[in-house]
Every structure is written in C-alpha cells, then in structure tokens.
Amino acid sequence: MVGVSEGQQPPAQAPAATRTRVGRPLLSLALASMMDEVHAHSGAVYLLAADEPVLEMAVMAGLPRAFAAPWERVGLSAPIPVADALRERRLVWIGGEEDMARRYPRIAVVLPYPFALAALPVATPTTQYGAVFVTWPGAHAPQLSDRERDHLTAACDRLAVRLERAVQDNRPPHPEPDLLSAPLLGGTAGTLGTVEAARMVARLPYGLCSLDLHGRICFANAAAAELIGKPVSGLLGTQLWAAVPWLNDPVYEDRYRAALLSQQSTSFVALRPPGDWLSFRLYPSTTGLSVRISRARAVAEMSRAGTQPGGAPSRLVTISQVLSLAGALTEAVSVQDVVQLVADEIAPAVGCQALVLLGSRGGRLHVLGHRGYPDPHIVERFDGLPMTERTPGTHALTSGVPAFFESREQLERLYPLRQATPDGFAAWAYLPLIASGRPVGTCVLAYAEPHPFPADERAVLNSLGGLIAQALERALLYDAKHQLAHGLQAALLPHSLPRLPGIDAAARYLPATRGMEIGGDFYDLVPSLPLAAAVIGDVQGHNVTAAGLMGQLRTAVRAYTAVGQAPEEVMRSTNRLMIDLGADLFASCLYLRLDPARGRAVMARAGHPPPLLRRADGRVRVLDLAGGPLLGIDASATYPTTEVDLAPGCVLVLYTDGLIESPGIDIEDALADLGQRLGEAGDLPLDELADRLVERSAATEERLDDVALLLLRARE
C-alpha cells in the first residue's frame with residue numbers, strides 16, 4: 001500500500017464532475033507515457049512505504065529490474081537521486097558518467113556507464129507519494145532541455161493528482177509488472193521477419209545472436225553455435241554467460257549491461273578453451289541486443305585469469321549490491337555513522353524493519369546503536385548484559401557463527417528466555433562482525449513478518465556482515481581517538497573564564513574537521529594584580545604535538561604575567577622559551593594588559609591577525625597594531641606595544657585566522673564581513689554575539705583550521 005507524507009491539511013476535493021476515475025495499471029501507463037514524451041529509454045516509479053521512510057520500486061520500464069537491484073528499496077535519507085528528489089522536492093539531473101561519479105559515487109561504482117538520468121518527486125503541495133527516475137543513453141545532451149523538463153514535471157504532477165484520487169477512492173496503487181518485451185523463442189523466421197532473411201543470416205560466415213532485455217538468447221545462427229561449441233537448442237532461452245561455462249564471468253555480463261544502459265555498442269574478447277579467442281560485439285536497441293561473434297586475431301599475447309565455472313546467473317546483482325553498500329560504508333567515520341548507514345542503506349536493501357549493533361567491553365554486552373524499535377527500552381535493557389548470559393546476541397558475538405531465525409518459534413525454542421522480552425518482531429538474522437580475525441560486534445536484523453533465509457540470501461548477509469565489521473572496527477578506533485583528542489583539548493583550554501573587574505568576556509572554540517579535531521588554537525584570561533591580562537594564540541598544526549606546545553605556551557604566558565612582566569617582555573620571554581624547547585613549530589600570539597579603570601588596553605602582537613574594536617556608537621575598525629615576527633623564529637625578536645582605547649561599551653574581538661580564512665575567499669573581504677556582522681550585532685549579550693560571529697564557521701561541513709574567538713567588553 002502506498003504511504004503518504006502530509007505537511008498540512010489537504011485542499012478541498014474537486015467537484016465530482018471534474019474528477020475522473022483512475023484506470024489500471026496506473027503507474028505503468030504513466031511511466032510509459034512519460035518516457036515516450038521525452039524519448040527516455042528506461043525509468044522507474046517509486047512509492048513511499050506506508051509505515052517507514054523508505055521508497056520502494058513499484059514498476060520499472062525499459063531495462064531489467066536487476067540493473068537497479070541495489071536500489072529497489074532505498075531509505076528516504078539515502079544519497080540517491082530519487083530520495084534527494086522527493087526529500088528536497090526538486091528535479092535532480094545527472095548529465096553523464098562524470099557527473100554521476102562526482103555527485104553519486106556509490107551508483108557510479110555499480111553502473112560505471114555513460115547515461116543521463118533525471119529524478120523527480122511525485123507529490124502534491126500537501127502530500128508526498130513517491131518519486132520517478134528516467135534515463136537516456138550517453139549520447140544525450142549534457143543539459144536537460146526546457147521541453148523535457150516541462151514534460152517531466154507536468155507528468156509527475158499529473159501522476160501525483162491521480163495517486164491522490166486513487167487514495168481518496170480507497171484504491172491505493174500497488175507494484176505492477178515491469179514494462180519489458182516478452183522473449184521471442186519462436187525460431188528464426190519469427191525473429192527475423194522473413195524466411196529469406198533467415199536463410200541469409202544462416203549463410204553468413206560469422207555468428208549472430210539476438211538477446212532480449214534480460215540477456216536471454218532469442219535466436220542464434222549455426223555459425224554462432226559452432227563458434228560457441230553448443231547446439232542452438234541448448235542456447236535458446238538462456239543467458240549467454242549462464243549457458244556457456246567459459247563465459248560465466250561478471251566481466252562479460254557487465255558488457256551487456258553497459259550496452260543496454262548507454263545504448264552504445266560494446267565488445268569483449270573471450271578465450272574458448274583450450275586456445276581459441278573469440279570476439280563478441282554487442283549492438284543494443286531499446287528492445288534487446290544483436291551480438292556478432294567471430295574469431296579474434298592478434299590476441300596471442302593476451303592473457304586472462306581462468307574463469308570460474310559455476311555460479312548462479314544472478315550473482316552480478318549480488319555483486320552490485322555489495323559494491324553499492326561497500327561504497328556507503330567507506331563514508332562512515334564514527335560508530336553512529338555506521339549505525340545510520342546500515343539503517344539507511346542495508347536495512348532497506350535486505351527488507352528488514354529494525355536493527356541493532358552490539359559490541360562488547362569489559363566482558364559485557366553494549367548496545368552501540370539501534371533503529372526501528374517502537375520501544376527503545378526493549379533494546380537498551382540488553383546494554384551491560386554479561387557476555388556469559390545465553391542470548392543469541394552474545395552467542396553470535398563470542399562464537400563468530402551467524403544465526404538465522406525464520407520465526408518467533410524457532411528463536412524461543414533455542415532461547416526460551418526471549419519469551420519474557422518480546423520485541424514485536426517475527427524473524428531475525430544475527431550476523432557476527434569479524435574484522436582482522438577477531439569479533440568486534442554483532443549486527444541484528446529484525447523482520448516484522450516471518451522471513452525465510454535461503455542459502456543465497458544468507459551468503460549475501462554474511463558478506464554484508466564482513467563489510468559492516470570493517471567499517472565498525474575503523475569507527476571504534478576513530479571514536480576512541482576522538483574522545484582522547486577532545487579530552488586533551490578540554491584539559492588544555494580554560495574550563496571557564498574568570499570574572500574580571502570592569503570587563504565582561506565570552507569565548508568560543510571550534511576544532512578543525514580534518515585530522516584528530518585537535519589543534520593549537522588557544523585563549524586565556526589571567527586575573528592578575530594589579531591589571532588583568534588576555535591572550536589568544538595559534539600554534540601551527542592540528543595534532544597532539546601542536547596541542548601539547550599550545551599548553552606549554554599558555555602556561556608560560558600565565559607565569560610571566562604572574563611575575564609582573566610588561567606585555568612586550570611577556571612576548572619576548574615566551575618567544576625565547578619556544579626556541580629553547582626546540583620545537584619545529586611556530587605560533588602567532590596577541591597579548592593584552594587590560595586597564596578598564598582608565599579605559600585603556602596595552603597590546604603586543606606576534607604575527608597574529610589584527611583584532612577588531614567596536615565602539616559604543618557602533619563604529620567598527622581594525623586595529624593596525626605594531627608587532628614582531630611569529631614566536632619561535634628569531635630569539636632576538638622584539639615586540640613593540642600599542643595602547644588602544646577601551647572605553648565603557650567598547651567590544652574587543654580577538655580571533656585566530658580560522659575564523660576569516662576560507663578557500664576561495666579573500667581575507668580582506670572576510671575581515672570586512674566580520675566587521676559588518678560585529679557592527680550589526682555588537683549590542684547583543686556577549687554569548688549571543690559570540691555565537692553570531694562563529695555561526696558560519698560552525699555551519700561549515702569542512703573546517704580546514706581551528707577557530708578560537710575571545711570577546712571582551714568594557715562595562716559601563
């Protein structure tokens with residue numbers, strides 16, 4: 001049954017006279033008409049599931065459904081064109097092979113062929129019903145024409161209205177048979193048109209075959225049978241790579257897929273044992289392929305690894321699924337990323353409705369994450385369970401053996417205690433996650449209905465378990481390093497800012513999003529007597545070495561301030577210390593001695609970005625301070641000081657260069673923009689002002705540098 005996503009109350013129904021009954025099959029007719037209008041050669045309609053944020057393929061046209069096997073069920077949050085189109089309510093256009101590889105690399109890994117694709121939402125202003133995609137051969141223009149765009153948009157709008165009427169009439173649409181030509185197995189005359197044409201083909205010295213869209217042989221002449229070494233009767237109705245053992249290689253089937261999807265001729269050379277090389281040339285159309293087979297020349301120097309006989313004809317579909325999901329899991333960084341990707345990518349692909357990732361620590365079971373359970377407490381009660389307890393999760397984790405339970409009765413027969421903790425599901429797969437030869441966890445897939453697990457499905461699930469295990473092992477290591485880095489960073493930066501007489505202060509720190517998310521940016525307030533001090537600095541690098549040196553510099557500045565050194569002396573002493581430490585890193589620094597009673601501040605600068613000063617009347621200027629070189633370069637360097645006005649109501653903005661440096665943006669423009677935002681928001685409370693000044697950096701997905709910000713406002 002189709003699911004809908006409603007944003008608000010639907011508009012009133014149209015008068016009965018203007019409404020039309022929806023015919024059957026609704027989806028197939030709409031898709032065929034849409035493809036015909038824009039001359040697309042394949043397409044599919046997806047419907048939103050009724051009870052979960054998943055798009056399910058309802059009908060496909062022009063190509064076998066096996067081509068789209070990894071995406072028959074996709075999570076609405078998955079980075080897939082149809083999901084993006086519905087989620088963002090816009091047309092998604094992929095202009096070719098390079099565009100696909102850049103924007104949707106997971107799809108490009110599975111279908112690395114030249115073709116263009118458009119995906120559109122099927123939705124009314126208030127309700128989402130699903131999405132559509134259509135494809136064109138690689139020869140299509142890199143841009144979608146206005147005519148094509150208008151036709152597709154109008155067709156999807158019409159389909160949404162028809163779906164709305166169908167739902168209102170209590171006739172929700174269901175999946176429909178795919179639109180593919182039926183195979184022709186009636187012999188040469190029926191395939192080629194006339195008896196004379198068939199005779200002509202039979203007399204040709206090279207082999208000819210005709211394949212339907214599924215790759216099944218509809219016709220083969222005598223020369224083809226002789227070259228392949230199999231009678232015509234043994235070829236008709238079979239897939240070429242399935243009927244001939246030495247062609248049973250995914251590489252050869254890939255050429256068939258490439259020809260159909262791109263509608264461009266493809267070819268390959270294969271070795272017929274013991275030593276005959278044959279050339280296969282595939283000529284596609286929208287109804288199938290013609291294959292020319294001949295003896296290959298000048299291939300004596302070619303060598304191939306031996307083909308592996310056997311294997312099911314559908315194994316390439318399995319390879320496609322594994323490739324797509326493997327590409328998704330390589331993007332996972334943290335454990336929660338793995339959980340989310342398994343929920344978004346793997347759960348829809350295998351048809352389960354819920355999942356749990358389990359791990360172990362200290363001899364106890366730990367729930368790393370879960371999705372799909374109506375009552376999360378049912379899952380969370382297993383957190384902290386001793387590994388000695390007899391449960392399917394602990395057994396899979398400790399034994400490394402997968403377990404499949406097709407029904408509740410099967411599970412409770414082996415684990416009677418499960419009767420006391422029903423989770424509302426009816427079938428389960430417990431997949432041990434083995435990485436680097438050791439178990440790292442268990443993935444539990446739960447199904448709402450009893451679910452058989454045939455041998456081929458168990459093999460696929462075990463393969464997916466291996467991929468999940470590798471991603472989880474990386475994620476667990478990353479999370480451990482991440483926690484260590486953040487703990488170190490938190491220990492080196494002030495836990496809170498001290499209260500200073502006559503001065504309000506606020507600070508923010510954002511780590512770089514690359515590396516260990518730890519860096520050398522620092523700030524501090526020193527409530528020394530008779531005058532307090534403030535400092536901000538930046539040690540180059542984003543690693544533990546930079547963070548350690550930053551902690552030493554911060555401690556040194558505090559010590560030199562406490563003994564009463566003047567600002568220029570604090571900078572000179574810190575510079576000499578950094579050189580004495582023998583570090584290969586440099587640091588910028590800005591040091592202030594604050595005198596709010598006189599409304600003044602004395603500053604010394606070592607290669608640091610200039611601060612901004614906002615006066616009480618709202619005017620903002622960049623303080624062009626005298627200064628010296630970066631710390632750690634020249635032991636004899638001097639650092640002249642500058643005295644600036646700090647009257648009541650003035651705001652000083654001290655920052656590191658990560659706040660104003662972005663790829664492709666001029667620093668002067670970025671500094672001017674920062675000054676404008678300071679002028680507009682400078683009267684806000686300091687904490688709100690600090691958030692306003694770093695909001696753009698905080699929203700950036702990739703920060704190449706740390707960001708530190710320290711705000712000082714003289715109280716009136």
Side-chain angles (χ1 to χ4, degrees), residues 488-500 503 505-509 518-541 545-583 585-596 601-611 623 625-644 646 652-657 706-712:
L488 177 59
Q489 190 81 55
L492 294 175
L493 289 173
H495 295 288
S496 61
L497 295 176
R499 292 185 58 83
L500 302 179
I503 297 289
R508 296 292 183 270
Y509 174 79
I518 184 172
D521 288 20
F522 68 97
Y523 58 85
D524 203 0
L525 284 183
V526 186
S528 58
L529 296 176
L531 299 177
V535 63
I536 192 167
D538 182 3
V539 179
Q540 68 178 125
T545 302
L549 185 58
M550 173 265 282
Q552 291 175 302
L553 293 187
R554 178 175 166 236
T555 301
V557 169
R558 275 185 161 262
Y560 297 138
T561 301
V563 299
Q565 288 189 358
E568 62 271 23
E569 284 298 323
V570 171
M571 296 297 279
R572 280 202 296 267
S573 299
T574 306
N575 177 52
R576 287 194 296 269
L577 172 66
M578 191 165 180
I579 292 174
D580 291 342
L581 289 174
L585 303 178
F586 308 126
S588 68
C589 190
L590 180 64
Y591 181 87
L592 294 78
R593 188 61 57 85
L594 304 170
D595 190 355
V602 178
M603 302 187 185
R605 184 163 72 111
H608 200 80
L623 298 180
L625 307 176
L630 292 169
L631 302 176
I633 293 180
D634 181 5
S636 62
T638 59
Y639 299 90
T641 59
T642 304
E643 188 174 274
V644 299
L646 192 59
L652 269 173
V653 178
L654 317 179
Y655 56 92
T656 56
D657 53 10
D706 304 34
V707 174
L709 175 72
L710 180 61
L711 303 182
L712 304 172

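Keep in mind the model is a prediction, meaning the values are calculated, not measured. No hydrogens, no waters, no symmetry mates; every other heavy atom, side chains included, goes into these values. Here, residue 1 is the first one in the sequence, and each next residue gets the next number.
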Who pairs with Glu568 by side chain to side chain donor-acceptor pair (under 3.5 Å), at least two apart in sequence or on another chain?
none

The criterion is side chain to side chain donor-acceptor pair (under 3.5 Å); which residues satisfy it with Arg508, sequence neighbours excluded?
Asp687, Asp691

Verdict with reasoning, Asp524 to Val557, per side-chain contact (heavy atoms from CB on, under 4.5 Å)
CA-CA 9 Å; Asp524 203 0; Val557 169; over 6 Å; no

Is any side-chain heavy atom of [X] closer than 4.5 Å to a side-chain heavy atom of [Y]?
X      : Y      : answer
Leu592 : Leu712 : yes
Val535 : Arg558 : no
Pro611 : Leu590 : yes
Leu500 : Pro527 : yes

Looking only at heavy atoms, which two atoms of [X] and [Y] are closest? And how far apart?
X      : Y      : value
Arg593 : Ala532 : CD-O, 3.4 Å
Ala507 : Leu710 : CB-CD1, 4.0 Å
Ile536 : Ala708 : CD1-O, 3.8 Å

Side-chain donor or acceptor of [X] paired with backbone N/O of [Y] under 3.5 Å:
X      : Y      : value
His608 : Ala587 : no
Tyr655 : Pro610 : yes
Ser528 : Leu531 : yes

How long is the span from the [atom1] atom in [X] to the [atom2] atom in [Y], to the nearest 0.5 Å?
X      : Y      : atom1 : atom2 : value
Met550 : Thr555 : CE    : OG1   : 10.0 Å
Leu549 : Leu577 : CG    : CG    : 8.5 Å
Met571 : Thr638 : CE    : OG1   : 11.0 Å
Ile503 : Asp595 : CD1   : CG    : 9.5 Å
Tyr509 : Leu709 : OH    : CG    : 13.0 Å
Leu654 : Met603 : CG    : CE    : 6.5 Å

Non-neighbouring partners of [X] that pass side-chain contact (heavy atoms from CB on, under 4.5 Å), sequence neighbours left out:
X      : value
Phe586 : Gln540, Leu630, Ile633
Ala637 : Asn575, Pro629, Asp634, Tyr639
Ala601 : Leu594, Val644, Leu646
Arg499 : Arg715

Between Thr642 and Arg605, is the side-chain contact (heavy atoms from CB on, under 4.5 Å) condition met? List the steps.
CA-CA 9 Å; Thr642 304; Arg605 184 163 72 111; over 6 Å; no

Scan side-chain atoms only and decide if Tyr523 and Thr656 contain a donor-acceptor pair under the 3.5 Å cut-off.
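Note: Tyr523 and Thr656 side chains miss the donor-acceptor criterion.
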
